[in-house]
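For reference, the structure discussed in these notes is given below.
In the text below, chain A, chain B and the rest are named by the order of the sequence lines, each starting its count at 1.
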Amino acid sequence: MSGTRILALTTRIMRQIVRDRRTLALVFLVPLLVMSVLYVVLTGSSGAVPRLALVRPTGTGSEALNLLIDRLLPPASRLKTMTIAADEVESVLNKGEADAALIFPTDLAAQLAHGEHPRLQLVLEGSDPTVAAAMRESVTALVRQLDVALVQAQSQRGQGQQGPVPAVNVPATSVLTLATPRYLHGGPDYTFNDALAPVFIGVFSFFFVFLLTSVAFLRERSQGTIERVLASPLRRGELVMGYVCGFTLFALVQAVVVLLFVIFVLRVHYQGNLGLVFLVAILLTVSGVNLGIFLSTFAQNEFQIIQFIPLVFGLQVLLSGIFWPVAQLPAWLQPVSYLLPLTYANEALRDVMLKGSDFAQIAPQLAALLVFMLLMIGLSAVTVRRQVA
Amino acid sequence: MAESSQTGSHSLATGAGEPLVVCEGVVKVFGKLRVLDGLNLTIGTGETFGLVGPNGSGKTTLMRMLAGLVRPTAGGVRVLGRCLPDPAVAASIGYMTQLSALYLDLTARENLRFFCSIYGLRGQERERRINEILERVELSANADRVVATFSGGMRQRLSLACALVHRPRLALLDEPTVGVDPELRRAFWDYFAQLNGEGTTIVVSTHHLDEAARCSRLGLLRFGKLLACGTPQELLAGAGTSDMETAFLYYAARGRQEEVTA
Ligand SMILES: Nc1ncnc2c1ncn2[C@@H]1O[C@H](COP(=O)(O)OP(=O)(O)OP(=O)(O)O)[C@@H](O)[C@H]1O
Ligand SMILES: [Mg+2]
């Protein structure tokens with residue numbers, strides 16, 4: 001590898017990008033426009049069934065209470081529930097096995113018997129604000145129904161009838177209190193866009209770089225300059241490297257613009273390490289450049305490149321968990337999602353920006369992105385070599 | 001690797017007495033088409049070797065092979081004593097493609113700068129070479145215009161400049177004077193003669209017979225072979241004529257006859 005020759009190529013590519021003012025403007029403005037429109041349009045309503053983990057009362061006399069709770073729970077088609085232990089709450093939520101946990105006091109029966117007002121605690125995972133809001137709503141309704149049932153039972157007992165529920169000694173209209181929900185991530189003021197913004201950095205760096213590279217490489221072939229370049233001492237590896245450097249630099253500038261817009265204009269909440277955000281962007285960009293080189297050899301003109309967009313881009317937008325979590329896709333589609341680099345990028349970017357995850361926590365996603373990147377480099381290297389008949 | 005980029009034009013020694021270009025029994029097959037069929041050719045240092053032949057006879061294919069872009073199906077090609085493709089040889093070759101291959105969104109100077117840089121020239125030396133060659137092809141006044149605004153002839157001139165800017169030892173020029181006005185065409189050929197004097201070898205393809213007459217040697221490519229090869233005088237004498245066109249028709253007819261009897 002010769003730095004001088006790679007630099008020559010990188011400089012040329014950057015110069016070509018900068019010279020094409022219209023493309024440049026589009027590439028930088030379109031993401032901002034799309035994000036702004038989504039910000040206005042999206043009133044988050046995800047079709048997913050929320051999942052609630054219950055930490056049930058276990059003390060003496062709880063059996064009847066648990067039966068009552070089960071009776072009041074909405075059908076599984078509207079709310080999926082599971083039972084966990086009190087010390088599992090954080091891990092279950094962090095692993096994404098449930099969206100929220102409702103914690104009953106262990107000695108709920110005893111507290112009721114003593115006429116106390118037991119406090120229930122709702123813990124929300126919180127990184128998807130839509131899910132969190134829906135969860136607050138359905139849990140509040142559930143607790144209210146439970147409350148009504150307990151008050152009813154109390155008055156029945158007062159009339160000398162033996163209800164299915166342990167005695168409540170206080171004549172009251174409400175016996176239960178629901179404490180202010182606790183958020184593991186984010187907070188009640190998180191919006192749908194907070195969850196969407198991180199993903200855009202990945203989507204835009206991948207998409208535009210793929211598009212620009214494939215068109216640039218196609219031009220190199222159709223105007224014949226590739227012949228000159230390949231006849232020169234420039235090695236094929238250096239050719240790929242030059243393209244990667246040129247477009248990656250450009251994509252990083254774009255990521256900065258998107259990030260600044262997201263933070264200062266859309267005022268999206270974020271925490272976490274920006275270095276990791278750029279690391280993900282670099283991995284994605286390098287994949288995008290090489291995928292662009294690879295696919296450009298199957299196109300005869302720019303129009304045919306456009307035909308790759310639904311395949312490369314549409315599919316990924318639908319399946320990579322941007323709008324619907326991957327876990328909620330049909331089971332047979334989920335493996336497809338895990339073949340797409342954006343799935344891993346989205347997970348990593350959300351984890352970093354919303355949950356403040358560190359390097360170790362997103363290492364699996366980074367590894368997947370790295371594997372995908374190496375695969376793409378391999379493919380493009382093979383296709384560049386094939387240019388010589 | 002880094003070293004080979006520095007060497008530019010004069011580090012590779014041709015093996016003792018070996019001609020600059022040697023083709024032995026070269027065959028190239030595209031699918032079912034035998035474009036080159038046992039071609040033999042040697043080209044010595046400082047020559048201008050002219051390739052003539054009808055459309056589709058394989059002139060471009062042969063040039064691309066000498067540039068290391070096409071591998072022969074059979075037979076051997078050696079340039080500067082080395083088998084191709086070889087990056088060390090690539091640094092000593094300049095290739096001008098048949099259709100001017102330029103970055104249309106860059107200026108003439110930026111194009112030259114890019115090609116100089118990938119051949120390892122830099123700094124003052126590079127800028128000096130660029131100005132010199134721009135002068136040579138009469139583009140100095142338009143050096144900082146974007147190539148998309150150039151006329152066909154101007155692009156052709158820049159294309160030639162890009163092939164010669166790094167002072168190659170072997171210049172492969174595929175129809176360099178297409179679309180170039182007569183005055184400048186003459187200037188081009190004067191320049192080729194000057195380059196020959198400096199030790200640069202030129203392989204040039206052309207359909208202009210007046211240009212063919214200015215080559216030091218000529219090869220008539222047809223049916224995948226060189227039907228005739230020699231100085232223009234030898235070819236004229238062999239055909240017993242004083243007219244290049246008649247000579248070519250003579251050799252073509254003779255070649256066709258051999259093809260039929262074979
Ligand atoms: N990559 C390729 N794949 C298939 N066929 C090819 C390829 N390159 C050239 N050919 C064929 O080989 C033959 C010779 O082509 P070539 O370009 O070398 O001709 P040429 O002598 O340069 O013609 P012209 O005078 O028109 O420039 C043609 O029939 C062409 O169709
Ligand atoms: Mg040709």
Problem - Neighbour count >12 (heavy atoms, 6.0 Å) for atom CD, B:E135 - result: no
Problem - Flag if over 12 foreign heavy atoms under 6.0 Å of CD, B:Q124 - result: no
Beyond-backbone contact of [X] with [Y], side-chain heavy atoms, under 4.5 angstrom:
X: B:T97; Y: A:Q223; value: no
X: A:I13; Y: B:F114; value: no
X: B:H166; Y: A:P233; value: no

Atom pair [atom1]/[atom2] of [X] and [Y] - distance to nearest 0.5 Å:
X: A:T225; Y: B:L99; atom1: OG1; atom2: CG; value: 12.0 Å
X: B:L106; Y: A:Q16; atom1: CG; atom2: CD; value: 4.5 Å
X: B:I118; Y: A:L7; atom1: CD1; atom2: CG; value: 13.0 Å
X: A:R228; Y: B:S100; atom1: CZ; atom2: OG; value: 8.0 Å

[X] versus chain A, the contacting section by heavy-atom distance below 4.5 Å:
X: B:T61; value: neither
X: B:T73; value: neither
X: B:F115; value: side chain
X: B:L104; value: both
X: B:I93; value: neither

Problem - Donor-acceptor contact present, side-chain A:R5 to main-chain B:S117, <3.5 Å - result: no
Exercise for the section: Kindly say whether B:V146 contributes a backbone atom to a donor-acceptor pair with the side chain of A:R19 at under 3.5 angstrom? Expected result: no
Problem - Nearest heavy atoms of A:A231 and B:Y95, plus distance in Å - result: CB-CD2, 4.2 Å
Practice task
Counting only heavy atoms closer than 4.5 Å, note whether A:L9 contacts chain B via side chain, backbone, both or neither.
Solution key: both
Problem - A:R12 to B:Y103, cation-pi by 6.0 Å centre distance and 45° axis angle - result: yes
Exercise for the section: With sequence neighbours left out, write down each residue that passes side chain to side chain donor-acceptor pair (under 3.5 Å) with A:S320, or none if nothing qualifies. Expected result: A:N346
